[in-house]
4 protein chains.
Amino acid sequence: MRKIDEAKRKLVIQAVFEITYDEGITNLSIGKIAKRAGVSKATIYVYFENKTDMLGKIYLEVKRLTDEGLSAKIDSSLPYKKRVRNGVEHFANRFISYPLQANFMRAVQANPSEVEPEILKSSEKLAQPIMDLFNEGVEKGYWITNDQRIVISILFSPIAQLIEYYFKKGQSVPEKQLTEMLDILVNSLVE
Amino acid sequence: MRKIDEAKRKLVIQAVFEITYDEGITNLSIGKIAKRAGVSKATIYVYFENKTDMLGKIYLEVKRLTDEGLSAKIDSSLPYKKRVRNGVEHFANRFISYPLQANFMRAVQANPSEVEPEILKSSEKLAQPIMDLFNEGVEKGYWITNDQRIVISILFSPIAQLIEYYFKKGQSVPEKQLTEMLDILVNSLVE
Amino acid sequence: MRKIDEAKRKLVIQAVFEITYDEGITNLSIGKIAKRAGVSKATIYVYFENKTDMLGKIYLEVKRLTDEGLSAKIDSSLPYKKRVRNGVEHFANRFISYPLQANFMRAVQANPSEVEPEILKSSEKLAQPIMDLFNEGVEKGYWITNDQRIVISILFSPIAQLIEYYFKKGQSVPEKQLTEMLDILVNSLVE
Amino acid sequence: MRKIDEAKRKLVIQAVFEITYDEGITNLSIGKIAKRAGVSKATIYVYFENKTDMLGKIYLEVKRLTDEGLSAKIDSSLPYKKRVRNGVEHFANRFISYPLQANFMRAVQANPSEVEPEILKSSEKLAQPIMDLFNEGVEKGYWITNDQRIVISILFSPIAQLIEYYFKKGQSVPEKQLTEMLDILVNSLVE
DNA sequence: AATGAATGAGAGTTCATTCAT
DNA sequence: TATGAATGAACTCTCATTCAT
């Protein structure tokens, strides 16, 4: 009775990231993953129940990775505006640091039928610290609007879009451009 | 000789929109399209060369539909800020008016491997009026930044995201919320 | 009420010859024939009942073409050996003069399932003059063997094979080589 | 892990032979093969990359089968004429012993577009011993002609044609007839 | 645990043929 | 007569998954 080979599992996950980047999640098949990871197709079923389960589990791992360390960044000892800025910046930096993972995350979000609905739901909970931060600001009247959807959409979508744009070109976002956008976004929403 | 049954062709395209919405572009197959449209699989190949060609052609039709009438809306006789606001509003209204089409457009953009690269390229040209409007503002110093990518990302991504959010829930964006967001976005960028 | 367009029919038949040569009878489809002939697929069904009927009719036409003039060549006023030699030479020359047609003929003979069995049967009758010539020689004791199958196989197969060999290389049989082979064959069988 | 079921692979190959005989190589489809062999269509793709690869591999196996043992038959200790006769007889006997395989071989040769060109090329090398035998005879002045193509065509085509003729009628070549033809052919070419 | 073999279901596509004009 | 539209059947091939070792 052997233990699960963790290294092999990681090869599989890496293969998923790479194929999703190279060919799109549409062309992501078990056969291709196995070949790229250098394992047998059947081996993948040792680690995951099925394809949907696999994508869901990987998605959650990525989500955890991108959220990790967020709380520290929005530490309440800082001025409110700074905390918001730090929160957004955290995700920007994470996406830039883990481009393949971020790309996979976007692909799943754009094709939610690939994973179980509950996976997406549970993943939303990971953003709870950001929600708390928002609510705190609402109570204190820091926001230009009290509509959470508006704030979230404005704070994150443009950043994500910008990072994706450069990533697809095989480049990284210029530091200056990212800073400029962050400033504009935060200033437009927080007093 | 028989004339092309335009109604039948439209049924096919409608089926593409519906399946993409219901099951995702990942699960969009010729077989499903034919079944939903009530035609033979082979008939689809009368209208389109192959699946890639089909998605590309439909994508361009949708693009044309959403861009249609844009120029009139950003008529140069209006104040600059109003023109920008009208331009963004145009797309927002179009996406809301044609939710299935907008959803399909997003799906293709998120899975570009589904269509020929040149299709995406040629579709970008349709947005030229918006680019011209931006450049005009740059010359006249109306923008808070001269970085086109920043402006485009901020103006369109949050709107698109908001509309998609409600659409996925089977709802339409509340008028008030949309107006509020438009105001915030335009105000944050244009003097 | 128009008459059948004989020119169009010939274009179809020519297309059949060309495709059979370029891609093999295996890849001969109604669609390709129509495209190459510059007519509609449906038009082919004006001239022929179906694909099998078409191949059969064309086959018979080719057969007639290759046999045409045979009788004159084996005219009974000549010495017997000369008559045999002329008969074989006739086919050799015909195959060389009509290479595409000969190639089509071989293709059908090698794939008899493509035509109705009766077509093949009726086509055999066209070779009657040769049979008569053989039988005449049997009676007079001119042949080294009285086995008809042996004679026919030896007289025609090597010639056909040689011509095909050069044809496939895009060349014509060297005159001298053909003459040499004819001499050997006829000498080996006729006193 | 499971071992390849060699019996199953043989069933597939046998099905190919049978269908090619019953319906012609034109009507040989993966679906029919699978059904006749009693395996799944997908299983065939475990053994072969694709249809072309399959036909090519089977063709080479057959070629090897028919050539096997040739060298021993044309052993140099025998008189030259006997060696030639043995060589031709070898193929005749092989074709008679393996009629379905021989039929498949002919079908592929008549429809070379069904396999990769290199397959045909590499298969020609198997006939090298015969070429060597011919060349030896040329040097020693044993042949009536020094033209290789003529010799090969005369020695093999009539035999092949005769065997095919009887095979198509579901019969075997009468021993006496075959012997008679062999004698005529060899005598006509070798001193 | 790991994997090559095996497969039913379904993918996209082409086929010969008929329909409607 | 002539033909573009339309289609059911069949095509080759790939899929995610399970089997057997």
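Letters A, B, ... are given to chains in the order of the sequence lines, protein chains preceding strands, and every chain is numbered from 1. None of the values given here were measured: they were computed from a predicted structure.
No hydrogens or angles considered: a donor-acceptor pair under 3.5 Å links the side chains of A:Gln109 and A:Tyr59. With 3.5 Å as the limit, one finds no donor-acceptor pair spanning the side chains of D:Thr20 and D:Asn103.
The residues B:Arg9 and B:Asp5 are annotated as not salt-bridged, no charged nitrogen and carboxylate oxygen being separated by less than 4.0 angstrom. Look at D:Asp22 and D:Arg36 and you find a salt bridge, because one of the NZ, NE, NH1 or NH2 atoms lies within 4.0 Å of a carboxylate O, short of that distance. Residues A:Lys168 and A:Glu164 are paired through a salt bridge, judged by an N-O separation under 4.0 Å between the basic side chain and the carboxylate.
With D:Ile33 as the partner, the side-chain contact (heavy atoms from CB on, under 4.5 Å) test is satisfied by one option alone out of D:Leu11, D:Val39, D:Leu28: D:Leu28.
Across all strands shown, the partner of F:dA9 is E:dT14, judged by Watson-Crick or G-U wobble contacts whose two distances both fall under 3.5 Å. For E:dA1, there is no paired base (Watson-Crick or G-U wobble, both distances below 3.5 Å).
Summarising the geometry, the separation between CD1 on A:Ile33 and P on F:dT14 is reported as 17 Å, rounded to the nearest angstrom. Atom C1' of nucleotide F:dC15 and atom CD of A:Glu114 are separated by 13 Å, given to the nearest angstrom. Rounded to an integer number of Å, the gap from NZ of B:Lys32 to C1' of E:dG12 is 14 Å. Atom CG of B:Asn27 is separated from atom C1' of E:dA9 by 14 Å (rounded to the nearest Å). The interatomic distance linking D:Asp5 (CG) with E:dA6 (C1') rounds to 10 Å, in whole Å. Rounded to whole Å, atom C1' of E:dG4 lies 13 Å from atom NZ of A:Lys35.
Ring centers of B:Tyr21 and B:Phe104: at least 6.0 Å apart, outside the cut-off.
Applying a 4.0 Å cut-off to non-hydrogen atoms, the residues of residues 36-59 of chain B that approach DNA chain E are B:Lys41, B:Ala42, B:Tyr45, B:Asn50, B:Lys51, listed by residue number.
Among the heavy atoms of the strands lying under 4.0 Å from A:Leu28 are primed sugar atoms or P, OP1, OP2 only; no base atom is included. Across all strands, C:Ile30 comes closer than 4.0 Å to base atoms (heavy-atom distances).
Looking at the side chain of D:Ser29, the nearest of the listed nucleotides F:dA16, F:dC11, E:dA2 is F:dC11.
Proximity of B:Lys8 to the phosphate of F:dT7: a side-chain N or O atom is located under 4.0 Å from OP1 or OP2.
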